[in-house]
Amino acid sequence: MAVPSATTVPAEPFVSLSPGHYRLEVPLTFATVASLRAPGLAVIHSSAQGQGLTVELQAVPAVDSAGLALLIDWLAEARSRSCTLKYTQPPPTLVSLARLSDVEKLITP
């Protein structure tokens with residue numbers, strides 16, 4: 001499978017591993033977040049109210065502060081729908097950005 005470039009977002013950026021469990025394999029950068037927001041919201045909106053969602057992040061090839069902001073946006077949307085969204089296996093760059101922004105507990109399990 002080819003790794004998307006820093007600006008390319010596939011039509012289906014979320015890989016479904018099992019019901020409520022997804023893997024994200026695209027860059028989370030300023031160049032991609034506008035294209036990723038709607039698919040992320042669709043995943044959240046497709047879950048049953050109260051259902052938990054898990055998104056694995058270990059395959060994310062690049063991340064910046066815009067990507068961190070998008071992950072926080074998805075968390076807020078999930079909470080507004082009484083859905084629990086959990087991120088697992090965040091890449092080290094994302095953990096460092098979250099730590100610098102004092103939001104590490106939102107991104108790490």
Side chains of Y22 and V43: does their closest heavy-atom pair fall under 4.5 Å?
yes
Atom OG in S65, atom CD1 in I72: separation rounded to 0.5 Å?
10.0 Å
Using 0.5 Å steps for rounding, measure from the CG atom of D64 to the OG1 atom of T93.
10.5 Å
Do the non-hydrogen side-chain atoms of L36 and L28 ever get within less than 4.5 Å of each other?
yes
So, for P61 and E25, which heavy atoms are closest and what is the spacing to 0.1 Å?
CD-O, 3.9 Å
Would you give the length of the straight line joining atom CD of Q58 to atom CG of L24, rounded to the nearest 0.5 angstrom?
10.0 Å
Could you check whether the rings of F14 and W74 sit parallel, tilted or perpendicular, using 30° and 60° as the cut-offs?
tilted
Restricting to non-hydrogen atoms, name the atom on A66 and the atom on V33 that form the minimum distance, rounded to 0.1 Å.
O-CG1, 3.5 Å
In a check of side chain to side chain contact (heavy atoms under 4.5 Å, CB included) between L71 and each of L57, V55, V60, L106, which one passes?
L57
Inter-residue atom distance H45.NE2 - E77.CD, 0.5 Å rounding:
3.5 Å
Is there a continuous path of hydrophobic side-chain contacts, each under 4.5 Å between heavy atoms, that joins L94 to F30?
no
Does the T32 side chain pair with the main chain of P27, one donor and one acceptor, at a distance under 3.5 Å?
yes
Could you grab the distance from atom CZ of R37 to atom CG of L70, nearest 0.5 Å is fine?
8.0 Å
Would you say that V95 contacts R99 through its side chain, given a criterion of any heavy-atom pair below 4.5 Å between the two side chains?
yes
Can you tell if the side chain of S101 reaches within under 4.5 Å of the side chain of L68, non-hydrogen atoms only?
yes
Taking C-beta and beyond as the side chain, do L17 and E56 meet within less than 4.5 Å on heavy atoms?
yes
CG of L97 to CD of E104, rounded to nearest 0.5 Å, is 11.0 Å
